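Let me begin by presenting the structure, written as structure tokens, before commenting on it.
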Protein chains: 2
Amino acid sequence: MALEHAILVSLLERPGSGYELARRFERSIGRFWTATHQQIYRVLKRMEVDGWVVAEEIGQDRRPDKRSFSVADSGRRALVEWLRAPVQPEAVRHELAVKIRGAAFTDEAGRAALISEVERYRADHETLLYTYVNGEKRDFLDRESEDVGQRLQHVVLRGGIAYERMLLDWLDDVLATLRAL
Amino acid sequence: MALEHAILVSLLERPGSGYELARRFERSIGRFWTATHQQIYRVLKRMEVDGWVVAEEIGQDRRPDKRSFSVADSGRRALVEWLRAPVQPEAVRHELAVKIRGAAFTDEAGRAALISEVERYRADHETLLYTYVNGEKRDFLDRESEDVGQRLQHVVLRGGIAYERMLLDWLDDVLATLRAL
DNA sequence: CGTTGCTGTGCAACTAGTTGCATATGGATG
DNA sequence: CATCCATATGCAACTAGTTGCACAGCAACG
């Protein structure tokens, strides 16, 4: 598993509570590793038991108290060790591709419905691309003065942007192909 | 889940045994939906119980007997219905991106090891790209004369090619960034 | 003052997927 | 003749991830 390690990276970048982590997984980290808050709390508990992270109770005035987590030495060592291990081959699950090949086995109306779905999917990813591009403009203005962490976050974001651009081009190809059937 | 549906598409394209399906999932279908033979046999059994597929016993001379599956009417209806449903947002799990951001928290030797890993990963995907491109040349010579199924398979393959090209470009960016740290 | 909404934490049950193992036929290699 | 490889099917145990639900504080709105 790598959720532990994604959490370690996120907490090393900045300590935070389970709730804050969950919100980060909806945004930045979640672009390449999704997780729900339930899963995060469960894994966080295990990591605390294993001594990878330590919690600090923080009482808050206008909000419920929270437990802010930081990475302990053994957690950092675990991360460094994991970084050295070979990258596991990804488990690809691209539902849309299955549906496109499945379109050969439905009727005209079914294909029309799929075209609508692809259009909606394309619009969502176009929005996502703009979000990324705006985030890049906002957070990575001056490439020369970036520190190590920022450079690495930036190159990962550039990957997201490249992916979304490639996806939009391909979706146009898909739409043209479906419409021409 | 969509493994059922991926199997339905594969069996509609051509009936086959669990073993044959497993081999297809290592190649064509597995480019966008991975599954092991154990999982396939289990799901296939459930699909048979549900009446989505029917098996035919085939005795073979030089090989163990096999059970060849075809899609039944109710399976085809289930697929058509699923095709109409909205595409679920993908659960992204991109381990390499986590490792790249994690590289901020290791030492020089750790980053060197990561660079080697990225190089290996890049070489693997370059090989994969050549496999796709060769497959395209072999199977999709004459775009005008393609039937519906081939056109759809081809557009999905073009997606795989576009993805691999984008990935290689990005990995070069990653390598340059890591080396310049 | 009731509802909605954000912050904050978590359990329980379920589903999907992985890993390790088992078994059998028969061809090819050394 | 033993071993390895490809074909062929499957169980059992485990791990990871999803879904549904619950509870609590406090602020803002009407």
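Protein chains get the first letters and strands the later ones, always in sequence-line order, with residue 1 at the start of each. Remember, it's a predicted structure, so these values are computed and weren't measured experimentally.
Protein atom CD of A:Gln39 is 16 Å distant from nucleotide atom P of D:dG20, rounded to whole Å. The distance between atom OH of A:Tyr19 and atom C1' of D:dC26, rounded to the nearest whole Å, is 13 Å. Going from atom CD1 of A:Ile40 over to atom P of C:dG10 covers 13 Å, rounded to whole Å. Rounded to an integer number of Å, the gap from B:Glu26 CD to D:dA6 P is 11 Å. Atom OH of A:Tyr41 is separated from atom P of D:dT19 by 19 Å (rounded to the nearest Å). Note: CZ (B:Phe69) to C1' (D:dA8) measures 12 Å, nearest angstrom. Taking atom CZ of residue B:Arg23 and atom P of nucleotide D:dT9, one finds them 12 Å apart after rounding to whole Å. The CZ-P distance, from B:Arg42 to D:dA8, rounds to 22 Å in whole Å.
Comparing C:dT9, C:dA16, D:dT9 by their nearest atom to the side chain of B:Arg46 picks out C:dA16. Listed nucleotides D:dT9, D:dT19, C:dT19 differ in distance to A:Thr36; the shortest reach to its side chain belongs to D:dT19. You'll find that the side chain of A:Arg93 is closest to C:dT18, out of C:dT18, D:dT9, D:dA16.
Residue whose closest nucleotide on DNA chain D sits further toward the 5' end, between B:Glu20 and A:Ala2: B:Glu20. Heavy-atom distances to DNA chain C give each of A:Asp65 and A:Lys45 a nearest nucleotide, and the one nearer the 5′ end belongs to A:Asp65. The nearest heavy atom of DNA chain D to B:Gly18 and to B:Ala91 marks one nucleotide each, and the one closer to the 5' end goes with B:Gly18.
B:Thr34 comes within contact range of no nucleotide atom at all, as no heavy-atom separation falls under 4.0 Å. Residue contacts shown for A:Arg67 are limited to sugar-phosphate atoms, with no base heavy atom under 4.0 Å away.
Remark: the A:Gln38 side chain and the D:dG17 base include no donor-acceptor N/O pair separated by less than 3.5 Å. Residue A:His37 places no side-chain atom within donor-acceptor reach of the base of C:dG8, judged by atom type and a 3.5 Å distance cut-off alone.
For the atom pair CG (A:Asp169) and CD (A:Glu164), the distance works out to 11.5 Å, reported to the nearest 0.5 Å.
For B:Lys99 and B:Glu117, the salt-bridge test fails: no basic side-chain N is under 4.0 Å from an acidic carboxylate O. Using a 4.0 Å cut-off between charged nitrogen and carboxylate oxygen, A:Glu119 and A:Arg122 do not count as a salt-bridge pair.
At least one side-chain heavy atom of A:Arg101 sits under 4.5 Å from a side-chain heavy atom of B:Ile29.
Annotation: cation-pi geometry not satisfied between B:Arg158 and B:Phe140 (NZ/CZ under 6.0 angstrom from ring centroid, within 45° of ring axis).
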